Amino acid sequence: METLVKEHPGQTKAKPQKVTGSEAIILSLLNEGVKEVFGYPGGAIMPLYDELYKYEDKLTHYLMRHEQGAVHAAQGFSRVSGKVGVCIATSGPGATNLITGIADAQVDSTPLVCITGQVPSQLLGTSGFQEIDIIGISMPVVKWNFQVTKAEEIPEALAKAFYIASSGRPGPVLIDITKDAQFGELDFTYEKCEGIRSYKPVPKLDITSVGRAATLINESKKPLILCGHGVLLSKAGKALLEFAEKTQTPVASTLLGLSAFPPTNPLYVGMLGMHGNYGPNLKTNEADLLIAVGMRFDDRVTGNLDKYAKQAKIIHIEIDQSEIDKNVKADVAVLADAKQALQAITALVEKRMRELWIQEFKDCDAVEEEKVGKHELYPTSGPIKMAEVINLISEQTKGKAVLVTDVGQHQMIGNRYYKFNTCNSIITSGGLGTMGFALPSAFGAGVGDTKRQIIAVAGDGGIQMTIQELGALAQYKIPVKVVILNNSFLGMVRQWQQLFFDKRYASTEMTNPDFVAIAKGYGIESAHIEERENLARVLEKMLAHDGPYVLEIKVEQEENVFPMVPPGASVSEVILE
């Protein structure tokens with residue numbers, strides 16, 4: 001094994017040693033502190049897997065059941081740990097099976113390094129067996145990609161990959177490595193990448209913009225903070241709390257911004273968006289100032305842009321220049337890391353008291369509770385409702401678990417009603433909305449955080465897209481608790497069909513398998529429940545179980561998610577029933 005030499009802080013090199021390209025990949029991963037990777041082997045990546053076999057005491061490889069499962073697992077690992085997730089696949093269909101997860105990671109700013117095998121370099125462009133132009137295919141959905149055709153290119157390519165993936169606004173990077181490059185030899189040394197000419201991932205904070213933002217805040221009567229995923233990525237939760245409490249500004253969260261701000265804080269007013277809370281949606285069009293922090297004004301948050309916050313000034317704190325003025329024009333743009341920007345602005349703003357403005361949100365909460373909450377959370381008859389399940393899970397875990405949700409009705413209900421009492425405790429597919437995300441992502445989260453309880457919540461539709469990953473859960477005994485909320489429909493699509501397509505339920509009703517039998521087939525403890533009186537007890541049993549567990553819960557078939565901002569409507573046109 002090589003001897004590592006520290007040249008100066010932040011830079012590590014190794015004395016040169018003759019190794020194969022495959023071994024250089026592994027040594028590069030180890031130099032980046034990688035201890036876990038997720039993947040699926042095949043012909044063009046086989047040399048790397050042969051080396052992995054030799055390094056299994058230093059680098060744990062988790063064999064998933066599908067390449068999409070591998071990239072989602074890497075996402076879950078990254079999201080919960082804050083590290084770069086690594087996944088591996090072979091060429092051709094192995095590589096293309098990664099694309100959905102890579103696109104998901106790009107939209108949701110998740111740092112990944114994806115390594116794919118490729119046919120030998122002499123066969124490039126010949127339409128050889130399992131050859132595909134994965135560089136061209138992946139280009140629109142990666143932060144950077146690169147094809148390695150020579151063994152000596154490997155260390156620098158991987159060093160760049162980790163730097164680009166994790167710096168600035170994070171994202172996925174793909175490195176495609178030909179088979180002959182994996183077999184080739186090189187004199188291996190490794191130098192971590194500390195910078196790339198012309199790539200400036202963190203903009204320099206402009207003090208003038210900070211001052212202009214502080215002036216708008218000091219002049220505001222009804223400000224509202226929009227907390228996005230960037231607050232979590234920049235570890236700016238404490239800075240946001242200090243800013244909000246000094247200015248007494250209500251805080252609303254995007255879907256991916258959940259858990260960045262304490263839900264028990266009196267300033268927290270709920271989730272924004274199509275299925276967000278009544279107050280923050282309604283009051284968006286009454287606020288005189290919106291302070292957007294690390295969010296991108298996507299359509300699910302804004303509704304109809306022509307009717308969005310026309311009365312308000314906009315401060316946009318964002319690290320990515322391309323997001324500034326893309327959807328909503330900012331009066332003041334603070335292009336910077338969210339934590340740095342918030343700390344600078346907090347030093348300049350005045351202390352304020354805004355009891356009447358905050359009370360308006362509480363009044364909205366009371367309306368939502370009367371129209372929606374009490375019926376969804378505390379039903380006394382009829383089928384089990386999704387909201388009461390999530391509420392019980394939240395109570396029994398004291399809001400301290402990591403909730404991994406799939407995509408659909410259960411996603412909106414899960415993220416609305418779970419009380420995220422620990423920071424960075426939500427993992428979901430936000431921008432891309434990828435069904436099948438929850439199960440493999442929860443697996444990765446279980447690898448990345450062995451101290452917190454990991455709970456995957458999925459619908460009967462989404463779970464069947466990646467249900468084979470129960471095999472990985474069973475093989476590695478990752479103690480993920482999987483809750484399937486089964487309404488025998490593609491629930492979110494059915495809701496739209498009911499509300500906007502005259503109840504024409506076209507291709508949304510599902511005949512489902514016996515989920516309990518499938519789980520038992522993998523050797524995983526499982527249960528099925530339909531009776532409300534047994535729900536709390538069965539949930540307690542699941543949470544106490546030492547190992548993975550699958551719980552199928554039959555829920556109301558035609559339950560709808562409210563509040564809802566109808567498509568094409570203004571956020572202030574939010575409906576409660």
Side-chain angles (χ1 to χ4, degrees), residues 2 4-14 16 19-35 37 39 45 48 51 59 71 74-75 77-78 82-89 95 98 101-103 105-106 109-118 121 124 133-178 181-182 184 186-203 233 319-322:
E2 77 279 12
L4 296 180
V5 179
K6 281 280 187 182
E7 293 202 328
H8 56 74
Q11 187 176 23
T12 303
K13 292 187 74 173
V19 301
T20 65
S22 296
E23 190 170 11
I25 297 170
I26 293 172
L27 294 177
S28 299
L29 294 177
L30 292 174
N31 271 276
E32 291 290 345
V34 176
K35 296 180 180 178
V37 297
I45 200 68
L48 173 57
E51 287 295 334
L59 190 62
V71 65
Q75 285 179 272
F77 173 87
S78 176
K83 302 175 183 177
V84 176
V86 179
C87 63
I88 302 171
L98 295 179
I102 292 173
Q106 173 79 335
S109 305
T110 304
L112 300 181
V113 169
C114 306
I115 299 171
T116 54
Q118 184 55 275
S121 55
L124 289 173
D133 179 12
I134 197 62
I135 295 297
I137 289 172
S138 65
M139 192 171 292
V141 293
V142 295
K143 198 173 175 186
W144 180 65
N145 61 15
F146 183 75
Q147 186 173 74
V148 172
T149 58
K150 298 177 182 177
E152 55 265 29
E153 297 173 329
I154 288 170
E156 183 180 1
L158 283 171
K160 278 187 174 182
F162 276 89
Y163 176 69
I164 293 171
S166 60
S167 57
R169 180 180 180 177
V173 169
L174 183 139
I175 303 296
D176 190 46
I177 307 177
T178 61
Q182 296 172 56
L186 71 154
D187 291 322
F188 179 82
T189 60
Y190 195 79
E191 182 177 342
K192 283 192 175 185
C193 182
E194 301 292 342
I196 299 172
R197 189 173 61 183
S198 79
Y199 171 56
K200 305 298 180 186
V202 181
L233 292 173
I319 199 170
D320 185 353
Q321 174 74 63
S322 70

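Sequential numbering from 1 along the given sequence is applied to the chain's residues. Just so you know, these numbers come straight off a predicted model, no measurement behind them.
To the nearest 0.5 angstrom, Gln182 atom CD is 9.0 Å from Thr20 atom OG1. Separation of atoms CG (Leu124) and CD (Gln147) is listed at 5.0 Å; rounding is to 0.5 Å. Rounding to the nearest 0.5 angstrom, the gap separating the CE atom in Met139 from the CG atom in Leu174 is 10.5 Å.
The two residues Ile25 and Ile154 make their nearest non-hydrogen contact at CG1-CG2, 3.7 Å. Scanning both residues, Ala157 and Ile175, for their nearest heavy atoms gives O-CD1, 3.9 Å. Summarising the geometry of Gln106 relative to Pro172, their closest heavy-atom pair is OE1-CD, 3.2 Å, with the distance given to 0.1 Å. When all heavy atoms are compared, the tightest approach of Ser78 to Gly85 is CB-N, 3.8 Å. Contact record, Ala181 with Ala151: O-CB, 3.4 Å, taken as the closest heavy-atom pair. Considering every non-hydrogen atom in both Glu51 and Glu23, the closest pair reads CG-N, 3.7 Å.
At least one side-chain heavy atom of Ile115 sits less than 4.5 Å from a side-chain heavy atom of Leu158. Side-chain atoms of Pro203 and Ile319, non-hydrogen and from C-beta on, do get closer than 4.5 Å to each other. Leu186 places a side-chain heavy atom less than 4.5 Å from the side chain of Pro155. A 4.5 Å side-chain heavy-atom check between Val142 and Ile102 finds at least one atom pair inside the cut-off. Contact of the Glu152 side chain with the Phe188 side chain is not registered, since no non-hydrogen atoms from C-beta on lie closer than 4.5 Å. The shortest side-chain heavy-atom distance between Leu30 and Ile26 falls under the 4.5 Å cut-off. Under the 4.5 Å side-chain criterion, counting only non-hydrogen atoms from C-beta, Val37 is in contact with Leu29.
Under a 3.5 Å cut-off, the side chain of Gln75 and the backbone N or O of Thr110 do not form any donor-acceptor pair. Checked by atom type and distance alone, the side chain of Asn145 pairs as donor or acceptor with a backbone atom of Ile135 at under 3.5 Å. Between the Glu32 side chain and the Ser28 main chain, no donor and acceptor come within less than 3.5 Å of each other.
A salt bridge (Lys or Arg N to Asp or Glu O under 4.0 Å) check over residues 139-150, counting only residues at least two apart or in different chains, returns nothing.
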Less than 3.5 Å apart, which donor and acceptor atoms pair up between the side chains of residues 160-169 and the rest of the protein, not counting sequence neighbours?
unit_1 : atom_1 : unit_2 : atom_2 : d
Ser166 : OG     : Phe162 : O      : 2.7
Ser167 : OG     : Tyr163 : O      : 2.6
Ser167 : OG     : Tyr199 : OH     : 2.8
Arg169 : NE     : Ser109 : OG     : 2.9
Arg169 : NH1    : Asp320 : OD2    : 2.8
Arg169 : NH1    : Glu323 : OE2    : 2.8

List the steps, then state whether side chain to side chain contact (heavy atoms under 4.5 Å, CB included) holds for Leu48 with Ile88. CA-CA 9 Å; Leu48 173 57; Ile88 302 171; 4.0 Å; yes
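Ala95 meets the side-chain contact (heavy atoms from CB on, under 4.5 Å) test with Thr116, Ile134; sequence neighbours excluded.
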